[in-house]
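Below is one structure, written out as structure tokens; comments come after it.
Labels below follow one simple rule: chain letters A, B, ... track the order of the sequence lines, proteins then strands, and each chain is numbered from 1.
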Number of protein chains: 2
Amino acid sequence: MLTERQLLILQVIIDDFIESANPVGSRAISKKDDISLSAATIRNVMADLEELGYIEKTHSSSGRVPSEKGYRYYVDNVVGPHMENGNLSIMRDLVRDDFIDFEKLVQKSAEVLSDLTNYTSIILGPEIFETKLKQLQIVPLTDHSAVAILVTDSGHVEHRSFTIPAEISATDLEKIVNILNDRLNGISLARLPEVITTEVLSLMQMYVHDFEKSYQYLKSAFFKEQPVKLYIGGKTNLLTQPEFNDIKKIRAFYQMMENEDQVVNLLKTPQHGIKVTIGNENKFEEIKDFSLITASYQFGNEQMGTIALLGPTRMEYRKVITLLNALSNEMTDALYLWYKNNET
Amino acid sequence: MLTERQLLILQVIIDDFIESANPVGSRAISKKDDISLSAATIRNVMADLEELGYIEKTHSSSGRVPSEKGYRYYVDNVVGPHMENGNLSIMRDLVRDDFIDFEKLVQKSAEVLSDLTNYTSIILGPEIFETKLKQLQIVPLTDHSAVAILVTDSGHVEHRSFTIPAEISATDLEKIVNILNDRLNGISLARLPEVITTEVLSLMQMYVHDFEKSYQYLKSAFFKEQPVKLYIGGKTNLLTQPEFNDIKKIRAFYQMMENEDQVVNLLKTPQHGIKVTIGNENKFEEIKDFSLITASYQFGNEQMGTIALLGPTRMEYRKVITLLNALSNEMTDALYLWYKNNET
DNA sequence: GTTAGCACTCTGGCCTTCTGAGTGCTAATT
DNA sequence: AATTAGCACTCAGAAGGCCAGAGTGCTAAC
């Protein structure tokens, strides 16, 4: 447990370093308004803090820099407990204004977030499997090709082009669509394959010629793995950070960000609420000197998606955490309202 | 006009520099297999070439580097006339395999192209205004919101969510959709607004209550400016180029690439076929030491889209030009076939 | 016309020096 | 006993000097 004085000095060091990116020395600290101690005294405190592992030197006669342990302490004990709801209004306006199209909202949020913070924002879109089928449509283009369209109750639209095998006639296709629409309305996307196999298959068998073939085609058209929606905003923001001056780092970072699977993997967390991952706490080597703050937004009790900000370990934790918290709350609220409206 | 010897030396310099990125000296040239002249002779030729403006020194006692004029000459007189159709098979397989979904094809092409060349590829998707409306659909989600879906004969799907104003009833909405589908089928997207105003408006007036309001809403839902589809592949490839060692350059470049409008603007060219833009020939300051090779692909006589590769001025022009040429031909062919099939 | 030879130039790597910021410790002060 | 002033010491990074190497231009010989 830190003494009050130690905590004060630690805070000052972290705040100063977050702002300036330079190691902070005893003299500079003693000059701050809320410090009335001499540099020498502060040196003693700093020696203690270093021994405890909260700060470090970059070389034997340099000023101090917060260690990861230091940031962790700061996040857990300083910013965590005193979370204000600042910036709520911006987020609220954003979410309320644009809610009709969920995907666009998510995308725009990513942009706003990265503009506001100057870090890189990553948003994992809603898992559409949790939403329900509203309508299914097949539009023939030519004799042998068509596009299948699937609309969910959240206003999401998926489409796939596919070839119609010669064995399936236009009337058969129409019948199939009718059957599907009749039976599948309101079924969650996750359950679609199951329901098709148990209920629809037998129906098709009765009405449709060569149903087996049709079934195969439908399946391949709709039940391929759904791509995860991933939005990244302000990828270039990090370039302005002073710690990003090494070309090798830049390369490693961008190479990693190009790999969608890896980014998704990074964000996926079972945890609700805000989660802060500092430096080496991160999964991947490439971002071992970054910090990642994730917040999830919900749809009922199901987790739906994740919002995250990625920046240097020297990150404005207070600001970022407040912001993400506000946005995730707003999004959860908006989703709840939407859901309710949909029920009626 | 260059003498044969001068041309030979120029070629060697350019080829060597493209490969090594280092200024090339007389001694190195004289050692090449296809050169049987001494370094001193070559120095004389080089002095001539420099006087003519085709090569430059980086400092008074350095080797020579091609100037932009040099690259231009090389492209126009060396690679242009002797274009082989190499790599055709890769491109053909790519295009043929995947043609069903045009957008995915374009996206994948961008990837393949950047992988194959290690430069950044940019593809401007097909201008969907040239294609024709196949079907229009409105799917109501709740009492006051719906999603409008528009399918073109090329299999492209656009969708927009919108709010239904209280004044418009469900039956009216249905009527409107019926009218629209009836009248608009086969009309090119570009002509939609016009046809709606001249033909459909009067019909709506007859059948639909409060048609004016409905009309406004439809218009806003469908005839907003269509976003241009832009695919960029291998953004990080350029990081591996040695000329990209200056952080400022990197920043300027990425900042520019984030601005979609600017990128689109860069690619838009009235010209058919292959176009090479070297260094300062480019529109924007940010890429004044890059080269851009663009190729357009067609749909009938209408230009549809553009494929481009962006790399350092020290670019493998021969390879890139051959590749782009092949791909653009394949895409034009594929589009032609598709179009024909659609007619029948 | 071509080539060998030589003096000259410039870059980039390496070493040294020097300054300024910052520390740790000791002794004096409150 | 806690705080502070004073001082010697350390280290990074900037500035300058010093080469070696690659390359050139020019002259004179082939």
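- No side-chain donor from either of Ser109(B) and Tyr231(B) sits under 3.5 Å from a side-chain acceptor of the other.
- Leu49(B) places its CG atom 12 Å from the P atom of dG25(D), with the value rounded to the nearest Å.
- Here Ser38(A) reaches the OP1 or OP2 of dT4(D): one of its side-chain N or O atoms lies under 4.0 Å away.
- Between Ile55(B) atom CD1 and dG25(D) atom C1' the separation is 14 Å, expressed in whole Å.
- Straight-line distance from the CZ atom of Arg43(B) to the P atom of dG1(C): 18 Å, rounded to whole Å.
- In this entry the distance linking CZ of Arg5(A) with P of dA2(D) reads 10 Å, nearest Å.
- Between Met46(A) atom CE and dC25(C) atom P the separation is 15 Å, expressed in whole Å.
- Remark on DNA chain C: of its neighbouring residues Thr58(B) and Ala40(B), the 5'-side contact belongs to Ala40(B), judged by nearest-heavy-atom nucleotide.
- Distances shorter than 4.0 Å separate some side-chain N or O of Arg64(A) from OP1 or OP2 on dG24(C).
- One can place CD1 of Ile29(A) at 13 Å from C1' of dT23(C), the figure rounded to the nearest angstrom.
- Rounded to a whole Å, the CG atom of Asn22(B) is 16 Å from the P atom of dT11(C).
- Among the nucleotides dG22(C), dT9(C), dT24(D), the one closest to any side-chain atom of Ser26(B) is dT24(D).
- The side chain of Ser60(B) lies closest to dT9(C), out of dT9(C), dC11(D), dA4(C).
- Distances from the side chain of Glu50(B) to the nucleotides dC11(D), dT3(C), dG25(D) place dG25(D) closest.
- The number of heavy-atom neighbours closer than 6.0 Å to CZ of Arg27(B), taken from other residues, nucleotides and ligands shown, is 12 or below.
- Across all non-hydrogen atoms, the minimal contact from Lys283(B) to Lys268(B) is NZ-O, 4.3 Å.
- Taking the six-membered ring where tryptophan is involved, the planes of Phe253(A) and Phe244(A) are perpendicular, since the angle between them exceeds 60° and thus also 30°.
- Between Lys57(B) and dT11(C), a side-chain N or O to OP1/OP2 separation shorter than 4.0 Å is absent.
- Summarising the geometry, the separation between CD1 on Ile42(B) and P on dT2(C) is reported as 11 Å, rounded to the nearest angstrom.
- For Ser61(A) against dT10(D), a side-chain N or O and a base N or O form a donor-acceptor pair under 3.5 Å.
- For Tyr54(B) and Tyr71(B), the ring centers sit 6.0 Å or farther from each other.
- Residue-level contact check: Ser62(B) touches the backbone only, with heavy atoms under 4.0 Å from sugar-phosphate atoms and none from bases.
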